[in-house]
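Contents: one structure, followed by commentary.
Each chain gets a letter, A, B and so on, in the order the sequences are listed, and its residues count up from 1. If you're wondering where the values come from, they're calculated on a predicted model, not measured in any experiment.
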Amino acid sequence: MSLIKAMEDMFLENPQCDVSTPVDVRVPVHTLQPVKRYLDSRNLQYSIMIEDLQVMLDEEQEEMDSVARDAEPRSTDAFDYGRYHTLNEIYSFQDMLVAENPNLVSKMVIGQSYQGRPLNVLKFSTGGTKRPAIWIDTGIHSREWVTQASGTWFAKKIVSDYGRDPALTAILNRMDIFLEIVTNPDGYYYTHNSNRMWRKTRKPNPGSNCVGVDPNRNWDAGFGGAGASGNPCSETYRGPRAHSESEVKSIVDFVKSHGNMKAFISIHSYSQMLLYPYGYTRTPVKDQTELHNLAKKAITDLASLYGTRYRYGSIINTIYQASGGTIDWTYNQGIKYSYTFELRDTGRYGFILPANQIIPTAKETWLALMALMTHTNNNPY
Amino acid sequence: MRLKIIIVLTILTGITGSPSITIRPEVELVDNKQRISEQNLVTETDEVVEDVMATGELNPNHYPAQRAAKVVQHYINTLYGSPFKVFHLHRVHSGNAEDVADSGRKYQLEISVQEMISNTSGKCSAEVFFSRGDKQHSPQVQVMCEELLKINTTKEEDAFYQHLKKNTSLLSAEYLPDSHGHIEPDMKPLWHLASVASSFIMLNESTQDTLFNMAQVANVTQLATESDQLKFEYLILLHEMVSQEIIRWKLLVSWCPPEGVKVLQMEKLPHCHECEKPPNTN
């Protein structure tokens with residue numbers, strides 16, 4: 001092979017203009033011998049830095065692959081709470097948390113989604129039978145990713161703080177906490193794999209090519225009234241009848257058979273609000289004053305951490321009229337402390353909140369949750 | 001005697017659950033006494049049951065004042081926004097509404113607005129007029145702000161402009177931010193530009209029954225131009241809070257530092273029922 005051809009195939013990694021500065025050259029294998037002969041014949045000094053670049057690249061790839069394989073955390077301590085996770089990662093997290101804390105946490109499957117996914121609820125309990133309980137759900141609207149992420153953080157927070165934080169310990173010594181992290185798993189899967197902006201369930205609607213029902217318009221409270229849509233293509237489609245969605249019916253059945261739920265907190269994003277019933281009517285709830293004052297306390301505590309401002313009030317006054325909503329139904333069932341959160345932010349990023357805000361959001365929200373849960377625990381009814 | 005009882009029952013049935021009746025609960029007085037004065041972390045206003053058509057003083061925490069204030073944000077961005085200057089509503093301090101003959105409704109607002117890149121905020125006084133009736137116009141806005149609007153971003157704007165003008169290849173990007181809320185630093189000015197351009201649409205489309213935010217830039221492509229302007233074609237997703245709908249708009253946007261942001265063409269795209277997108281690779 002001619003030297004000129006060989007030189008065409010060489011690649012100068014760091015071209016130099018100055019003759020005394022070394023130059024790094026990458027040489028394809030078929031030109032190796034001609035190049036060596038040329039350098040030797042000219043008495044040009046060289047040293048071999050890397051014998052075989054391909055071997056090095058292969059080793060590096062192997063290492064990267066093995067790191068990826070090991071990316072699944074081995075414990076809830078190794079779980080990255082500051083990242084958004086897939087449905088399977090959250091399911092694994094739930095199982096790990098139960099395995100690590102068998103005396104405090106158990107997993108209940110309260111039903112199945114439309115597409116057959118388990119509706120998992122973590123039960124935090126220190127004993128007793130049908131103790132008065134607090135319910136928290138996140139992710140009922142699948143695109144509100146900071147809520148499922150926060151729910152995961154809350155789960156870990158509960159097991160970390162029990163026995164260490166007096167306030168939480170006091171609550172768990174008398175009450176149970178139920179936490180449903182992915183309340184709409186079909187929707188959540190769809191936001192990862194098809195449409196990040198999906199809100200509803202994934203149940204097809206007969207006679208329409210539009211899919212899904214708004215699970216926060218499907219409850220039997222003011223169902224059929226203004227504040228929801230009868231159009232299956234709408235984001236606020238109420239569904240063919242109240243509790244038509246298994247994701248909703250499962251919670252309804254669970255709450256009714258439990259019979260001792262004292263607080264019900266449903267978490268959404270975004271808008272930075274803490275809301276109490278009603279959404280379907282302007283009639284104030286009987287417990288208006290107490291719920292209003294408790295909301296004020298909760299958001300004051302929330303703001304104490306990073307100064308995040310929340311507005312608060314009834315749904316219908318603060319955000320909009322909405323019928324068939326979750327906490328209107330739970331309140332009407334007699335669960336006095338029924339609240340909805342709308343987490344960060346106020347529209348700058350909206351549903352696509354940067355992952356670096358997950359933990360701050362979860363931390364500040366936790367302070368508000370503690371205010372609600374403490375009050376519930378201290379005011380039995 | 002029997003007749004009286006029947007009448008009472010009827011009245012009670014009529015009130016329960018009716019959305020059109022405003023009831024002022026007696027508990028309001030109790031609430032006043034129980035009010036604890038806090039530092040101004042939280043606005044201390046009672047939960048007065050408010051009709052959306054209320055006139056006079058508005059509760060700044062309730063949606064009528066908030067929706068009108070959002071319109072002011074959109075307006076400010078259309079006038080002053082740039083790839084390095086984006087305004088966001090921070091807080092509504094007070095609001096007032098009155099009907100104007102048969103033609104519409106006028107809001108007067110005291111708000112705080114924040115410039116997101118320099119992280120400065122300032123107060124503004126604004127008036128928003130929503131017209132009523134057959135001819136639906138976009139809301140009309142007048143606003144006066146403190147020093148806020150005089151933030152100087154000339155250096156950054158000129159540098160960015162020169163950089164793109166000199167670049168032989170045309171920029172393009174998709175999903176700003178990505179599903180995880182991430183935007184590459186190089187792409188941030190294009191995201192800011194989209195926010196400003198969207199503000200023109202959101203301003204036009206706003207009514208007393210809407211609240212718009214830009215949800216995501218689906219894609220942006222820089223177009224070649226002969227003129228001084230930089231030109232971009234955007235596909236933008238807007239989020240409308242009351243209907244919860246995601247509305248897709250195609251925009252043709254031009255920008256250069258002296259002339260600011262202009263929307264040359266806008267097209268509302270049909271509702272995408274099954275908007276499939278490839279999984280977001282991170």
Side-chain angles (χ1 to χ4, degrees), chain A residues 83-84 141 145-146 191-199 209-211 214 222 225-227 229 233-236 270-271 278 280-284 288-289 292-293 296-297 299-300 303-304 307 309-314 316-321 346-357, chain B residues 15-23 25 27-28 30-31 34-36 38 41-44 46-51 59 61-63 66 70 88-91 116 175 177-183 211-216 237 239 241-246 271-277 279-280:
Chain A
R83 263 202 325 115
Y84 292 111
H141 286 143
W145 278 18
V146 71
T191 60
H192 279 272
N193 292 279
S194 298
N195 181 354
R196 175 64 179 81
M197 295 295 171
W198 191 259
R199 166 184 169 92
N209 56 349
C210 294
V211 174
D214 184 344
S229 172
C233 296
S234 165
E235 294 282 21
T236 56
Y270 61 92
S271 284
Y278 287 119
Y280 74 92
T281 172
R282 288 194 188 278
T283 308
Q288 157 83 25
T289 311
H292 191 75
N293 288 337
K296 180 195 277 191
K297 162 90 172 73
I299 60 125
T300 305
S304 70
R309 300 193 125 266
Y310 266 57
R311 295 187 282 128
Y312 62 103
S314 67
I316 196 167
N317 276 332
T318 312
I319 189 169
Y320 44 49
Q321 184 175 29
T346 55
R348 184 180 189 205
Y349 288 97
F351 299 120
I352 325 189
L353 194 71
N356 63 14
Q357 289 196 45
Chain B
I15 288 172
T16 312
S18 163
S20 61
I21 294 177
T22 307
I23 296 169
V27 293
E28 228 188 282
V30 180
D31 195 29
Q34 287 177 346
R35 192 191 303 176
I36 310 154
E38 305 272 359
L41 229 42
V42 164
T43 309
E44 318 162 25
D46 288 329
E47 175 71 3
V48 169
V49 181
E50 183 172 44
D51 193 308
N59 185 323
N61 290 313
H62 291 180
Y63 67 73
Q66 291 284 332
K70 197 58 133 162
H88 205 72
L89 173 68
H90 183 59
R91 204 177 141 188
M116 303 311 290
Y175 302 119
D178 69 15
S179 287
H180 298 242
H182 178 72
I183 306 170
L211 188 95
F212 285 99
N213 287 293
M214 183 178 82
Q216 190 182 37
L237 306 181
H239 173 235
M241 184 72 71
V242 180
S243 64
Q244 290 293 343
E245 296 294 333
I246 300 292
H271 196 144
C272 183
H273 293 307
E274 294 295 286
C275 263
E276 307 283 325
K277 77 160 178 74
N280 191 265

Task: Distance-minimising heavy-atom pair for Thr346(A) and Asn213(B) - done: O-OD1, 3.9 Å
Open item on the list: Quick check: closest heavy atoms across Gly181(B) and Tyr349(A), and the distance to 0.1 Å?
Closed with: O-CE2, 4.2 Å
[X] side, atom [atom1]; [Y] side, atom [atom2] - distance, nearest 0.5 Å:
X: Tyr84(A); Y: Asp178(B); atom1: OH; atom2: CG; value: 10.0 Å
X: Asn59(B); Y: Thr318(A); atom1: CG; atom2: OG1; value: 8.0 Å
X: Asn61(B); Y: Asn317(A); atom1: CG; atom2: CG; value: 10.5 Å

Task: chain B interface, residue from Ala355(A), Cys233(A), Ser271(A) that has the most non-hydrogen pairs under 4.5 Å - done: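 Counting heavy-atom pairs under 4.5 Å, the top option is Cys233(A).
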Task: Among Ile352(A), Leu353(A), Asn356(A), residue most engaged with chain B (heavy-atom pairs, under 4.5 Å) - done: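 The option with the most such pairs is Ile352(A).
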Task: Glu245(B) side chain to Ser234(A) backbone, donor-acceptor under 3.5 Å - done: no
Note, [X] side chain near [Y] side chain (heavy atom, < 4.5 Å):
X: Arg196(A); Y: Tyr175(B); value: no
X: Gln66(B); Y: Arg311(A); value: yes
X: Gln216(B); Y: Met197(A); value: yes
X: Leu211(B); Y: Tyr320(A); value: no

Task: Engaged part of Arg348(A) at the chain B interface, taking heavy atoms whose separation is under 4.5 Å - done: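 Both backbone and side chain of Arg348(A) come within 4.5 Å of chain B.
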Task: Toward chain B, the part of Tyr278(A) with a non-hydrogen atom under 4.5 Å - done: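 Contact with chain B involves no heavy atom of Tyr278(A) at all.
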TODO: Measure Met214(B) against the heavy atoms of chain A and call it side chain, backbone, both or neither at under 4.5 Å.
DONE: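 Just its backbone gets close to chain A.
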